[in-house]
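Reading through the structure tokens given below for one structure.
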Number of protein chains: 2
Amino acid sequence: MNIGEASKASGVSTKMIRYYEQIGLIAPAHRSEAQYRTYEDADIHTLRFIRRARDLGFSVEQMKTLLALWQDRARASGDVKAIALEHIAELDRKAAAIAAMTATLRHLASNCHGDDRPNCPILDDFAEAPLASDMPEVSARFGRANIG
Amino acid sequence: MNIGEASKASGVSTKMIRYYEQIGLIAPAHRSEAQYRTYEDADIHTLRFIRRARDLGFSVEQMKTLLALWQDRARASGDVKAIALEHIAELDRKAAAIAAMTATLRHLASNCHGDDRPNCPILDDFAEAPLASDMPEVSARFGRANIG
DNA sequence: CTTGACCTTCCCATGATGGGAAGGACTACC
DNA sequence: GGTAGTCCTTCCCATCATGGGAAGGTCAAG
């Protein structure tokens with residue numbers, strides 16, 4: 001199987017397959033005589049595993065660990081669960097940050113007429129509101145606005 | 001005021017102030033004889049506006065538009081509200097994607113003993129679950145896992 | 001005058017992904 | 001056996017917002 005077929009079968013783009021190989025997430029593929037990468041069913045299985053983990057928001061680093069655990073028949077399920085729980089906690093943090101932003105924005109938008117007149121409480125707030133960093137309890141709860 | 005003081009007063013790092021100037025989000029600062037950037041109260045006001053918008057998750061492009069509207073006394077509040085509502089919609093999309101991930105992960109984790117034994121439903125799922133892209137209604141609802 | 005804190009520009013890195021160019025390989029059709 | 005078109009290869013560049021750090025100039029306090 002060439003990389004294009006492997007991509008279709010796994011749902012991982014050819015660009016990403018090469019990238020994952022380059023950074024060592026997956027082993028270098030076998031090569032044909034013309035140096036084409038070739039993939040077996042087992043490789044597709046691994047790529048689908050990666051695709052699934054990625055869809056659930058795991059980072060490449062986490063996927064490295066998860067793959068290693070997957071391939072270790074003697075792993076402790078507790079190790080896997082710990083990674084999953086840590087990831088859930090991080091997703092919850094992002095969700096909380098987003099919820100805080102939308103709550104504020106919804107409040108501001110609801111007070112804005114949204115018509116042709118210039119008066120706009122949204123801009124007024126941006127111009128006058130104290131910084132989150134000046135409010136210790138807020139920044140402690142949500143940290144930066146980095147939700148990526 | 002030098003850039004360090006402007007940074008402290010606005011909550012925007014010196015790196016970011018220079019970057020925002022470079023990409024044209026803010027006007028080039030006035031310079032002292034030694035080519036140091038100098039800032040007036042009005043500039044701090046602008047930087048705080050940016051900081052506030054950034055904390056609410058607006059992109060640089062959105063901030064450009066918002067700044068222009070802010071500085072346009074004749075703007076229509078509807079234009080501002082439209083940007084805010086579009087941003088809220090995007091944040092809601094991200095929140096939904098995160099919620100879908102955490103729901104799945106919580107379910108998987110709850111079925112995992114999390115002890116020293118190797119059996120792990122989380123890894124089993126990763127290895128066997130169908131791809132989101134094979135389930136049209138799911139990918140239509142949530143798109144990619146890109147929550148950044 | 002030295003020390004240390006500040007400023008400048010320039011380059012590099014992040015993380016995951018895609019775009020695209022230049023060139024080689026393969027396949028299907030005539 | 002050409003040729004067209006599709007595939008593959010590697011290499012470089014871009015994204016987005018942010019920070020790190022080097023090399024060197026400036027300034028203020030002692």
Side-chain angles (χ1 to χ4, degrees), chain A residues 1-26 28-39 43 47 50-67 87 90-91 94 97 101 133 143-148, chain B residues 1-26 28-39 47 50-64 66-67 87 90-91 94 97 101 133 143-148:
Chain A
M1 219 187 306
N2 284 342
I3 197 171
E5 289 169 276
S7 170
K8 276 173 203 150
S10 66
V12 180
S13 72
T14 61
K15 283 278 186 185
M16 280 301 100
I17 295 175
R18 294 195 195 95
Y19 172 70
Y20 292 149
E21 178 182 318
Q22 186 203 316
I23 64 174
L25 178 62
I26 57 181
H30 294 127
R31 300 287 187 131
S32 71
E33 287 190 8
Q35 293 307 106
Y36 282 21
R37 288 175 180 81
T38 59
Y39 297 88
D43 302 319
L47 286 171
I50 287 170
R51 171 64 197 266
R52 174 68 168 161
R54 201 197 61 178
D55 283 349
L56 289 171
F58 286 96
S59 69
V60 166
E61 274 313 302
Q62 287 172 316
M63 290 196 290
K64 264 188 198 172
T65 310
L66 290 171
L67 270 175
H87 183 46
E90 179 159 349
L91 290 174
K94 288 185 185 178
M101 289 188 238
S133 57
R144 293 282 181 84
N146 175 11
I147 55 174
Chain B
M1 219 187 309
N2 284 342
I3 197 170
E5 289 170 275
S7 170
K8 275 172 204 150
S10 66
V12 180
S13 73
T14 60
K15 282 279 188 188
M16 280 301 101
I17 295 175
R18 294 194 195 95
Y19 171 70
Y20 292 150
E21 177 181 318
Q22 188 203 316
I23 63 173
L25 179 62
I26 57 181
H30 292 128
R31 301 288 186 129
S32 71
E33 286 191 8
Q35 293 306 106
Y36 282 22
R37 288 176 180 79
T38 60
Y39 297 88
L47 286 171
I50 288 169
R51 171 64 196 267
R52 173 69 167 160
R54 201 196 60 179
D55 283 349
L56 289 171
F58 287 95
S59 69
V60 166
E61 275 312 304
Q62 288 172 315
M63 290 196 290
K64 264 187 198 172
L66 290 170
L67 269 176
H87 183 45
E90 179 159 351
L91 290 174
K94 288 185 185 177
M101 290 187 234
S133 56
R144 294 281 180 82
N146 173 12
I147 55 173

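All chains are named by letter (A, B, ...) in the order of the sequence lines, taking the proteins before the strands, and each is independently numbered beginning at 1.
Distance, A:Ile50 CD1 to C:dT17 C1': 15 Å, rounded to whole Å. Atom P of nucleotide C:dC6 and atom CE of B:Met1 are separated by 16 Å, given to the nearest angstrom. When rounded to the nearest whole Å, the span between CD of B:Gln22 and P of C:dC10 equals 9 Å. Distance B:Tyr39 OH to C:dT8 C1': 12 Å, rounded to the nearest Å. For the pair A:Leu56 CG and C:dA16 P, the computed distance is 15 Å after rounding to whole Å. What separates NZ of A:Lys15 from P of D:dC7 is a distance of 15 Å, to the nearest Å. Look at CG on B:Leu25: it is 10 Å from P on D:dT18, rounded to the nearest Å. What separates CG of B:Asn2 from P of C:dT8 is a distance of 7 Å, to the nearest Å.
With sequence neighbours excluded, no residue satisfies ring pair (Phe, Tyr, Trp, His ring centres under 6.0 Å) with B:Tyr39. With sequence neighbours excluded, the residues forming a side chain to side chain contact (heavy atoms under 4.5 Å, CB included) with A:Tyr36 are A:Asn2, A:Ser32, A:Ala34, listed by chain and number. In terms of the salt bridge (Lys or Arg N to Asp or Glu O under 4.0 Å) criterion, A:Glu33 has no residue partners (sequence neighbours excluded). Annotation: side-chain hydrogen bond (donor to acceptor under 3.5 Å, both in side chains) contacts of A:Glu21 (sequence neighbours excluded): A:Arg37.
Between A:Asp43 atom CG and A:Ser10 atom OG the span is 10.0 Å, to the nearest 0.5 Å. Atom CZ of B:Arg18 sits about 11.0 Å away from atom CD of B:Gln22, to the nearest 0.5 Å.
In this model, the phosphate group of D:dT9 is approached by a side-chain N or O of A:Arg37 to a distance below 4.0 Å at OP1 or OP2.
Between B:Thr38 and B:Arg31 the shortest side-chain heavy-atom distance does not fall below 4.5 Å.
The nearest pair of heavy atoms linking A:Val12 to A:Ser7 is O-OG, 2.7 Å.
A salt bridge does not link B:Glu5 to B:Lys8: none of the charged nitrogens lies less than 4.0 Å from a carboxylate oxygen.
Within the 4.0 angstrom heavy-atom criterion, base atoms lie near B:Arg18.
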| message | Protein within reach of the bases, or only the backbone? For nucleotides 22-29 of chain C, mark each nucleotide 5' to 3' as B, S or -, using heavy atoms under 4.0 Å. | response | --BBS---
Pick out the pairs of N or O atoms, protein on one side and nucleotides 15-17 of chain D on the other, that lie under 3.5 Å.
residue: D:dA17; atom: OP1; partner: B:Val60; partner atom: N; Å: 2.9

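Remark on DNA chain D: of its neighbouring residues B:Ser13 and A:Glu5, the 5'-side contact belongs to A:Glu5, judged by nearest-heavy-atom nucleotide.
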